[in-house]
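Just so it is clear, the model here is predicted, and its values are computed rather than measured. For ligands, and for the atoms within them, numbers begin at 1 and follow the listed sequence.
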Amino acid sequence: MKHFTYKSLPELESDAERIGAGWVRFEHDPARVRAALARPVDVSGFRVGNSIAIHPMEGCDGEPDGNPGELTWRRYERYGASGAKLIWFEATAVREDGRANTRQLWIYPQTAPELARMLERTRRVHRESFGADDDLLDVLQLTHSGRHSVPKKTIAYHNPCVDAKTGVPPDYPVISDDALERLEDDYVAAARLAAESGFRAVDVKATHGYLLVELLGAKTRPGRYGGPLENRLRFLRNTIGKIRAALGNRVMVCVRLGCYDGVPYYRDETCGTGVPCRYEIPYPYGFGVNPENPLEEDLTEVRQVIGCLRNWGVVLVNVSSGSPYFNPHVGRPFEKPDEGNYEPPEHPLLGVDRHFRVAGQLQEALPDLPMVGTGYSWLQKYAINAAAKNIAEGRIKFFGLGRGSLAHPGFAREALDRGELDERKVCKTLTYCTFLMRQKNHPLGQFPCGCPPFDKEGYGGIMKEAVASRREK
Ligand SMILES: Cc1cc2nc3c(=O)[nH]c(=O)nc-3n(C[C@H](O)[C@H](O)[C@H](O)COP(=O)(O)O)c2cc1C
Ligand code: SF4
């Protein structure tokens, strides 16, 4: 079913009102849109040149050894020329066995020099386009893919609902406390290499169903890293503390935080729509989840966690939600699912509203800690109107764009110059990028992912190959 049928901003606005998406509001005046997005943001004394962020977006196009590949370089050159002053580099594994696919970036001594060169190229392109890069904040996202690692999954605890969806048997071993403690040091080593490579910041990623957010929701895990919130926070507390002790002010520490895990969804084969899994009440799993109704968020612990992160020296939080593997409509409201997946179980505007509500409530609770908002791409060319409103009213400090930046990396310059986006170029949330991400039938074990409809030159041929290889299979 087509949801995005709006021919004008007032049409979209009245639909948002009609369906109760009260957090989705818009600035209409292009001059005010430009002014809001052009605002610099202070991140712990570093002045970021404007309020526009490019979210971390994995391209699955690295080399088997974890180095960036040709398409990785191309993407970051395009981001450098975009005009966004916050570029959040994609998920980069801290260990080989924490990679989500065979082409995920991986930081270790052999790949750090190439990552440093790619960062420098991004900065140089940015300088050539905009005159300076001393107000460009680059963050490298550090990750362990947990139960989505290949070839061997690592799980923090058993959640029968998530286990069933992700193919984990009930007797699968859980990572031990000692192994977690050693993993903290892998994050520190990766952060050190990132700092030496020139990154101004690192992100200790805890979102999207990967290992660190799973730990935050590990209420039923025994031992030092599970149970009460204090234990579930141990990994982040130790890791951030160790990074700060080892590197001091040489690198800023950020966290992309999954603030609402939700529950797994399945495709109802009669109508194709997503339906939640069966779950017990109270639901004793997950982070940011209301145990009495896990289809709703409960931000009580999330606020506590962000307060702790701030006290431990985290300077920037990127607010996200959901898991791309088990409830993609939560993390990235879409118009069309990837092949074989479910149609959205709610109007995508309600998904956007959830993102804005969660981020807005958190930013309002901690106004001095800058946060990056997520979930704007479904709004297509009106994303910047919503962003400007949120920024102007203090509901977020940075407007982050994910899929929209793959489709149209020049969105930032266009927004800053004109206060309007070109409808012909913007992402239409058709999900071909995720389709590519799921295709493994490639000589390197993974197809690269990008935006075939709006970046034909880069991905038109790749899409054809992926479709053909899928047919063969
Ligand atoms: C192809 C693809 C790759 C992604 N890679 C990452 C990633 O590396 N790290 C991350 O935190 N989120 C990743 N995401 C999630 C996005 O950063 C973003 O949160 C999501 O797309 C919703 O924002 P949007 O509506 O602007 O697209 C990815 C999403 C897609 C579709
Ligand atoms: S393939 Fe392109 S248009 Fe489709 S969701 Fe991805 S970025 Fe957007």
Side chain, backbone, both or neither: which part of Phe454 comes within less than 4.0 Å of ligand 2 when only heavy atoms are counted? side chain
CD (Glu364) with more than 12 external heavy atoms under 6.0 Å: yes
Which atoms of ligand 2 have any heavy atom of Cys427 under 4.0 Å away? 3 (S), 5 (S), 7 (S), 8 (Fe)
Sorted by chain and residue number, the residues with a non-hydrogen atom under 4.0 Å of ligand 1 are His55, Pro56, Met57, Glu58, Glu90, Ala91, Gln141, Lys205, His208, Arg256, Gly331, Arg332, Thr374, Gly375, Tyr376, Ser377, Leu401, Gly402, Arg403, Thr434, Met437, Cys449
Show the atoms of ligand 2 that are less than 4.0 angstrom away from any heavy atom in Thr429. 5 (S), 8 (Fe)
Lys/Arg N to Asp/Glu carboxylate O, Arg95 vs Asp97, below 4.0 Å: yes
Shortest protein contact, atom 1 (S) of ligand 2 (heavy atom only): Cys433 N, 3.2 Å
Cys451 heavy atoms within 4.0 Å reach ligand 2 at atoms 1 (S), 2 (Fe), 3 (S), 7 (S)
Of all the atoms in ligand 2, which lie at a distance below 4.0 Å from a heavy atom belonging to Leu430? 4 (Fe), 5 (S)
Does Gln446 reach the main-chain N or O of His442 with its side chain, forming a donor-acceptor pair under 3.5 Å? no
Okay, side chain of Ser197, backbone of Phe199: is any donor-acceptor separation there less than 3.5 Å? no
Salt-bridged, Asp61 to Arg75, with N to O below 4.0 Å? yes
Examine Lys425 relative to Phe454 and say whether NZ or CZ is less than 6.0 Å from the centre of the six-membered ring and inside a 45° cone about the ring axis. no
Which atoms of ligand 2 sit under 4.0 Å from any heavy atom of Tyr432? 1 (S), 4 (Fe)
Can a donor-acceptor pair be found, under 3.5 Å and without considering hydrogens, that links the side chain of Arg267 to the backbone of Asn341? yes
Measure the distance from atom 3 (S) of ligand 2 to every protein heavy atom, then report the residue, atom name and distance (to 0.1 Å) of the closest one. Lys428 N, 3.5 Å
With a 4.5 Å heavy-atom cut-off, do Phe398 and Leu137 have their side chains touching? no
Arg244 side chain to Val314 backbone, donor-acceptor under 3.5 Å: no
N/O donor-acceptor pair under 3.5 Å between Lys440 side chain and Arg438 backbone: no
Closest protein heavy atom (residue, atom, distance) for atom 5 (S) of ligand 2: Thr431 N, 3.1 Å
Minimum-distance protein heavy atom relative to atom 7 (S) of ligand 2: Arg403 O, 3.4 Å
Can you confirm whether or not the ring centre of Phe89 sits under 6.0 Å from the ring centre of Tyr79? no
